[in-house]
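Working notes, beginning with the structure itself.
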Amino acid sequence: MTKRFYLETVGCQMNVLDSELVAAALLQAGFQRTNERRRADIILFNTCSVRQHAEDKIYSALGRLKHIKEQRPDKLVGVLGCMAQKDQEAILRRAPHVDLVVGPGQIGGLVAMIEELQRTKGPQVAVGLPRRGHARHAVAQFFTLYDPERVQAARSQRHRAMVRVMLGCDKFCTYCIVPSVRGPEQSRPASEITAEIRLLAEQGCREITLLGQTVNSYHTTENGRRLRLADLLERVSEVPGIRRIRFVTNYPRDMTPDLLQAVRDLPKVCPYLHVPAQSGCNPVLKRMKRGYTAEQYREMLAAIHETVPQASVTSDFIVGFCGETEEDFQATVRLTEEARFKNSFIFKYSPRPGTKAVELFPDDVPDSVKRRRNHELLAVQNRISEEDNRRFIGKTVEILVDGPSKAAAGAESETAAGKSDASTRRRADTGKLQLTGRTPCDRIVVFDGQADWIGRFARVHIESVTAVTLFGSAVSVES
Ligand code: 5AD
Ligand code: SF4
């Protein structure tokens, strides 16, 4: 009998991509996907460790599965991704009914592990070497590049895909668990990346998002020549069929002039730059070990606007980081006001065991203060987003139609300015389908259309806006 798997994903786009690859491997091995947890023979969680909240949700989901597993011991439960790498065997102590613990570097072996479990009893644990106490190259071997042939059936959208260009991170910002759970920074060879994008384009993909924790730190050598992200963008631009190229997430210090010129000069590269500032206060940035000052961040913004005047810039912020005073927080508010980000993802600081911040600084900002600062910064950002969106009223924008409009539930952030607007749920009363798509500068557009427009480019005349959405009417759709 065909086995059914259920796969739930939390966390960043890197996790979404990993889940796509896991689903592809399972489909190819003859498993079937189900969206109903209770009907599944294999229940998998692809997890995130960036904040405590994300972990708590998984542990409570695992807790709820305990009695199901008692009744149906043949069902398999697996924890994949960052939590698997961070907590390792400790997951089995908290949830002894878990069968599989598989780190992000080991998910390529998942199918073999499932097969092994059918032969042997007892849990299977596959995780990478920890970074502390081990040489970089030794750890890197546990975080191998896992980007096999892209299986179209495993992708949620035919016209859009993510492509990993780098693994891991070496920046070690003091609050961040990512370098520990996703291993050392490694760039993929450019030829491998473009081959994957060619394949995706042949499958009908029109928009590519290049992924890396610090994507603009991308560098590799090819025939003795050093290649950077700007060179890679040029190569990807040459792939027939690809019409739009995005890249996330950028590290402020690596936003070099050659990259900005590439964004300006390559028409397929979208003028959209996600460059997290994290804070606008120098002592806080220093404790975070971000490697820049607020002034340097402002200079980087000025360089973006000078070279790519039409660029929209977005940011992440952490509020209530260790030692953040009211005055420090106000410096972040000022930066947000000056920078006029398109939107910002705002997070309350969550101490992560295993990071430098937990070792060095007390988590001394009360949760109530973190929450208040989160709301205050969000209100400032939303006001700016709405004001800037108003400039679009009366204009016609080009969008790639993504699908039926729905409220974007389950956004990664606790408060994602730009993600949870109830008005995006408005249903049209015309019988037509309410669709959504994005502009090159990554603004969400909602309009009425037809199901067969999905995956096509359309021009939409904007009539009204909120902080997070532009509403309009379709003027034309590409055949
Ligand atoms: N607490 C809160 N937010 C965090 N981020 C990373 N680590 C933490 C943490 N310990 C945020 C940063 C990062 C985004 C992906 O998550 O803003 O850019
Ligand atoms: Fe984490 Fe900093 Fe690396 Fe981003 S750059 S993944 S915040 S350590």
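Atoms within each ligand, like the ligands themselves, are counted from 1 in listed order. When reading the values below, keep in mind they use all heavy atoms of this one structure, side chains included, and skip hydrogens, waters and symmetry mates.
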Inspect the contact between [Y] and [X] and indicate whether a charged nitrogen and a carboxylate oxygen are less than 4.0 angstrom apart.
X	Y	answer
Lys171	Asp254	yes
Glu196	Arg164	no
Glu386	Arg390	yes
Arg246	Glu207	yes

Practice task
With heavy atoms only and a cut-off of under 4.0 Å, state how Tyr175 meets ligand 1: side chain, backbone, both or neither.
Solution key: both

Practice task
Answer side chain, backbone, both or neither: which part of Ile318 comes under 4.0 Å from ligand 1, heavy atoms only.
Solution key: side chain

Exercise for the section: Could you tell me which non-hydrogen atom of Cys48 sits nearest to which non-hydrogen atom of Ala54, and how far apart they are? Expected result: O-CB, 3.8 Å

Practice task
Using a cut-off of strictly less than 2.8 Å, determine whether Cys176 has an N/O/S atom near atom 3 (Fe) of ligand 2.
Solution key: no

[X] to [Y], cation-pi by 6.0 Å centre distance and 45° axis angle:
X	Y	result
Arg51	Phe347	yes
Arg287	Phe321	no
Lys356	Phe172	no

Handout entry: Under 3.5 Å: N/O of Arg352 near N/O of ligand 1
Key = no

Exercise for the section: Output yes when the distance from some N or O of ligand 1 to some N or O of Tyr349 is under 3.5 Å, and no in every other case. Expected result: no

Fill in the blank from the handout: Of all protein heavy atoms, the one nearest atom 3 (Fe) of ligand 2 is Cys169 SG, 2.3 Å

Fill in the blank from the handout: For atom 7 (S) of ligand 2, the closest protein heavy atom turns out to be Tyr175 OH, 3.2 Å

Completion exercise
Logged contact type for Pro179 with ligand 2, heavy-atom cut-off 4.0 Å, is side chain

Exercise for the section: Specify side chain, backbone, both or neither for Cys173, according to which of its non-hydrogen atoms lie closer than 4.0 Å to ligand 2. Expected result: both

Short list, please: which atoms of ligand 1 are under 4.0 Å from a heavy atom of [X]?
X	answer
Val50	4 (C), 5 (N), 6 (C), 7 (N), 8 (C), 9 (C), 10 (N), 16 (O)
Gln278	12 (C), 13 (C), 17 (O), 18 (O)
Lys348	1 (N), 2 (C)

Number the atoms of ligand 2 from 1 as they appear, then name those within less than 4.0 Å of a heavy atom of [X], with their elements.
X	value
Arg290	2 (Fe), 5 (S), 7 (S)
Lys171	5 (S)
Phe172	8 (S)
Thr214	5 (S)

Practice task
Using the six-membered ring wherever Trp is involved, compare the ring planes of Tyr6 and Phe45 and label them parallel, tilted or perpendicular (cut-offs 30° and 60°).
Solution key: perpendicular

Problem - Spatial distance of atom CD1 (Ile444) from atom CG (Asn343) [nearest 0.5 Å] - result: 8.0 Å

